[in-house]
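Have a look at the structure below before the remarks.
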Protein chains: 2
Amino acid sequence: MSAIADVARLAGVAKATASRALSGHGYVSAETRDKVIAAAREIGYVASPNAASLVTGRTQNVGVIIPFISRWFFGEVLESLEQALLVQGYDMTLYNLPPASPERDRVFDFFLARKRFDGIISVGVALSEQEVDHLHRLGRPLVGIGGPIRGVPTIEIDDVASARLATEHLLSLGHRDIVHVGGSQIDEMDFHVHSNRLRGFQAAMVAAGLSVSGCFYAAEFTMPGGYERGLALLGDPRRRPTAIFAASDEIAFGLILAARELGIRVPTELSVIGIDGHPHAEMFRLTTLVQYPRAQGELAVRILLAELGTRGGAAESTVLPTSLVIRASTSAPRARPH
Amino acid sequence: MSAIADVARLAGVAKATASRALSGHGYVSAETRDKVIAAAREIGYVASPNAASLVTGRTQNVGVIIPFISRWFFGEVLESLEQALLVQGYDMTLYNLPPASPERDRVFDFFLARKRFDGIISVGVALSEQEVDHLHRLGRPLVGIGGPIRGVPTIEIDDVASARLATEHLLSLGHRDIVHVGGSQIDEMDFHVHSNRLRGFQAAMVAAGLSVSGCFYAAEFTMPGGYERGLALLGDPRRRPTAIFAASDEIAFGLILAARELGIRVPTELSVIGIDGHPHAEMFRLTTLVQYPRAQGELAVRILLAELGTRGGAAESTVLPTSLVIRASTSAPRARPH
DNA sequence: ACCAAGTCTGGAACCGGTTCCATGAAGGCC
DNA sequence: GGCCTTCATGGAACCGGTTCCAGACTTGGT
């Protein structure tokens with residue numbers, strides 16, 4: 001209700017002076033500044049961000065596009081984004097865009113077109129060429145988490161190398177009969193994550209002189225997804241591998257549950273390794289390649305805000321490290337009864 | 001870049017007419033309307049929401065305050081809120097406010113004070129009296145999910161009745177030695193959920209003529225929380241109950257894992273029931289009282305928008321139903337070796 | 001034929017800030 | 001002492017829409 005004009009009147013100065021005093025831009029004597037601030041406090045003045053952004057073009061808000069909320073990686077990223085933005089005085093508009101959302105076009109054409117944000121962070125969304133163009137035309141900086149996006153600084157882990165490392169861990173333990181359970185590139189448009197992890201797996205296998213044919217099984221990227229796949233895969237003792245590289249910890253958990261249910265001992269009869277560093281990994285004693293989604297979120301915010309500061313300082317893409325944490329879900333294979 | 005003035009000029013009308021044509025308010029001939037719309041389309045005009053809300057006071061945005069993102073219930077609510085708001089042309093500003101957040105005051109004093117939303121939905125946040133007053137003073141409608149909030153329409157399930165029902169299910173199977181594992185009221189300020197579920201449990205026990213002393217154990221509201229508690233609780237065979245009522249499915253999952261690890265058969269030696277209807281319940285074959293967070297989210301949006309339509313139409317609180325889904329984690333207790 | 005009500009349009013004020021520009025006072029330097 | 005620079009402040013334009021108001025033109029009822 002109270003406008004800056006009221007503050008100015010109460011402090012006995014002009015609107016312009018009050019604005020300068022409160023925003024800290026331009027010359028104001030210490031004395032008047034105090035007077036204005038006191039007046040503002042007295043009537044409980046809060047600046048209208050609408051009016052301010054109308055003229056400055058700055059909204060102090062960042063838009064976030066994300067395909068999932070409840071999956072661990074995404075939830076974690078979201079929390080860290082929110083946190084980091086809050087500290088910097090930005091709030092966050094959330095656009096949840098599941099892979100096959102019917103609202104997808106509306107989000108781009110209507111919501112994002114309103115430009116009620118200073119920048120966008122896109123988390124694990126596979127953007128079409130057209131959508132990338134669309135975003136570029138908005139004239140707002142864009143930072144991506146995951147996957148390369150044309151002309152956009154992104155933050156990611158090296159999926160190929162991480163998958164390779166995970167597979168090599170199994171190989172180094174002496175496993176030869178290894179299977180990869182991961183996401184399918186077709187039904188989930190979850191970027192290149194799936195295909196990159198598959199490629200890393202295959203690279204490691206081939207380098208070890210092993211065949212990769214028939215070594216990949218698709219699963220939904222969830223614990224039940226891993227569980228279902230595990231029951232089907234491990235049910236037949238003759239075709240059972242000695243080790244599985246799961247593309248995510250949640251899949252790995254499901255596989256472990258399936259194994260337990262079938263009376264297969266982990267790791268004695270079956271080794272399992274995942275990727276993520278999910279907080280439940282400790283409970284499942286899962287060996288995994290941990291990535292740090294919170295670090296990715298924080299870095300994304302830092303890069304975006306830096307780009308907001310220096311118009312056009314095109315930042316480069318960053319690859320964040322992963323680290324192998326060995327727990328009790330992997331061991332050397334049992335001597336095979338031949 | 002293109003403003004409504006450009007559209008007006010191109011269409012050969014006044015700004016006022018262009019505004020009326022595009023917004024649909026006031027008299028415009030069909031002919032001029034078409035002309036204006038064509039002109040707008042031609043130059044790719046998108047109205048500036050800032051300018052509009054500056055004068056109308058409406059932002060087409062709703063603020064959501066939520067303490068967790070990755071816990072199932074909250075993630076689910078969040079997704080449904082986002083979805084429902086999107087359909088109605090609203091976008092959503094997210095304020096993640098973990099129980100002991102150092103940013104808590106800042107969110108209320110700074111971010112919420114900016115009033116960049118038409119209304120607020122508060123999900124499972126225990127608001128202090130002062131905070132409730134603060135929100136009321138903003139003059140924006142507020143809808144709560146969970147727990148009673150003074151002077152605010154809320155949506156909730158009947159926690160007492162649901163807990164009672166869950167406990168009665170165990171009692172009706174013949175269990176007498178039942179324990180409740182739930183959240184502690186102290187370390188997590190997660191509203192009255194914890195205490196209400198505990199009360200429902202106690203009511204059922206007392207009604208069955210059983211003692212409730214020593215029948216409650218606190219656990220973190222997560223799977224590892226349940227797991228840890230399970231190991232501790234079930235480790236000693238002499239003190240082991242025949243059934244556990246877990247305050248959430250995630251806790252129940254943890255308990256089941258702990259039981260399996262200790263070689264305790266579920267449900268033969270131990271029955272477990274939860275509350276939630278978590279998607280993993282099927283996999284764990286968990287008997288549970290399912291609630292419908294998505295329905296809660298949708299209803300919250302409906303109520304909020306209704307209140308935005310008719311200023312002051314103080315809606316009442318709604319209690320949504322829960323339903324018992326019986327799976328294979330509960331059965332009659334084994335005849336006890338006495 | 002006249003007046004009232006309804007329809008259509010343009011001009012101008014307004015929402016609440018920021019910022020450009022002009023004016024004036026004070027301090028530093030030759 | 002005169003002049004330039006820096007600091008301090010007020011007036012006014014402006015951001016991009018919406019809405020009030022006045023005027024003009026139709027239509028219809030009596």
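Order of the sequence lines sets the chain letters (A, B, ...), proteins ahead of strands, with each chain counted from 1.
Between the side chains of A/Gln83 and B/Glu103, no donor-acceptor pair of N or O atoms lies under 3.5 Å. When only modelled atom types and interatomic distance are considered, A/Asp118 and A/Thr59 share a side-chain donor-acceptor pair under 3.5 Å. With 3.5 Å as the limit, one finds a donor-acceptor pair spanning the side chains of A/Ser29 and A/Thr32.
The side chain of B/Tyr45 contributes no N or O atom lying less than 4.0 Å from OP1 or OP2 of D/dG16. In this structure, A/Ser19 reaches the C/dT18 phosphate: one of its side-chain N or O atoms is under 4.0 Å from OP1 or OP2. For B/Thr56, no side-chain nitrogen or oxygen approaches OP1 or OP2 of D/dG17 to under 4.0 Å. Under 4.0 angstrom from either OP1 or OP2 of C/dT9 there lies at least one side-chain N or O belonging to B/Ser29.
If you measure from atom CG of A/Leu22 to atom C1' of C/dT19, you get 15 Å, rounded to the nearest angstrom. Between the P atom of C/dC15 and the CG atom of A/Asp6 lies a distance of 11 Å, rounded to the nearest Å. Note: CZ (A/Arg114) to P (D/dG16) measures 17 Å, nearest angstrom. Straight-line distance from the CD1 atom of A/Ile4 to the P atom of D/dT9: 15 Å, rounded to whole Å. Distance, A/Lys35 NZ to D/dA8 P: 13 Å, rounded to whole Å. Put simply, CZ on A/Arg58 is 16 Å from P on D/dG16, counting in whole angstrom units. Rounded to whole Å, atom C1' of D/dG16 lies 12 Å from atom CG of A/Asn50.
For C/dG10, its base sits under 3.5 Å from the side chain of B/Arg20 at one donor and acceptor pair at least. Between the side chain of B/Lys15 and the base of D/dG16, no donor-acceptor pair under 3.5 Å is found.
The backbone N or O of A/Ala52 lies less than 3.5 Å from a partner atom in the side chain of A/Thr56, making a donor-acceptor pair.
Residue B/Tyr27 places its side chain closer to C/dT7 than to any other of D/dG10, C/dT7, D/dT9. Relative to the side chain of A/Thr32, the nucleotides D/dT9, C/dG10, D/dG17 differ in distance, and D/dT9 lies closest. Out of C/dA13, C/dG16, C/dT19, the shortest distance to the side chain of A/Ala3 is found at C/dG16.
Residue-to-nucleotide proximity on DNA chain D shows that, of B/His25 and B/Leu54, the 5′-proximal contact is made by B/Leu54. The residue among B/Ala51 and B/Gly12 whose nearest nucleotide of DNA chain C lies closer to the 5′ end is B/Gly12.
Relative to the ring axis of B/Phe110, B/Arg114 places its NZ or CZ within 45° and under 6.0 Å from the centre.
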